[in-house]
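Taking it in order: structure first as structure tokens, then the write-up.
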Amino acid sequence: PNWLFQQIKKSSKRTFAASASSIHENEDGHITPALGSVFAGIGAVVLGIGSANDNGAMAVTGGIVLAIGILAYTLIHHRMIDRGIFQDIDKLNGK
């Protein structure tokens with residue numbers, strides 16, 4: 001979040017294309033939300049295996065893990081990425 005604000009401030013010294021490229025290529029903070037995706041993927045695999053083997057308990061467990069993974073990804077993404085972006089926008093707007 002602070003990095004983005006600093007990049008915008010520095011953009012007057014560089015071209016817009018270079019600033020946009022550096023912002024686009026930065027991967028800070030994107031690995032943590034991916035952990036939710038990993039859990040969702042594991043849940044989807046367990047759900048599929050449970051369904052194929054006609055194992056109700058395994059399918060239900062996989063579905064629960066899948067749902068928790070999707071929810072975890074959404075919450076972590078909002079907490080780590082979206083909130084920082086909105087804070088930077090508020091700083092730029094003087095709020």
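Values below: all heavy atoms of this structure, side chains included; hydrogens, waters and symmetry mates excluded. As the structure is a computational prediction, the values presented were derived from the model and not from experiment. By convention here, the first residue in the shown sequence is residue 1.
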Can you name the nearest heavy-atom pair linking [X] to [Y], along with the distance?
X	Y	value
Val46	Met58	CG1-O, 3.5 Å
Ser37	Tyr73	OG-CD1, 3.5 Å
Gly36	Ala72	CA-CB, 4.3 Å

Do [X] and [Y] share a hydrophobic cluster, counting only Ile, Leu, Val, Met, Phe, Trp and Tyr and linking them when any side-chain heavy atoms are less than 4.5 Å apart?
X	Y	value
Ile49	Phe39	no
Ile70	Leu47	yes
Val45	Val38	yes

Check your understanding: Got a sec: does the CG of Asp54 have more than 12 other heavy atoms crowding it under 6.0 Å?
Key ->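 Counting neighbours around CG of Asp54, 12 or fewer heavy atoms of other residues, nucleotides or ligands fall under 6.0 Å, so no.
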Practice item. Hey, could you give me the CG/CD1 distance between Leu75 and Ile68, rounded to the nearest 0.5 Å? Key: 11.5 Å
Exercise for review: Report the distance from atom CG of Leu66 to atom CD1 of Ile42, rounding to the nearest 0.5 Å.
Suggested key: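 Output value for this atom pair is 11.0 Å.
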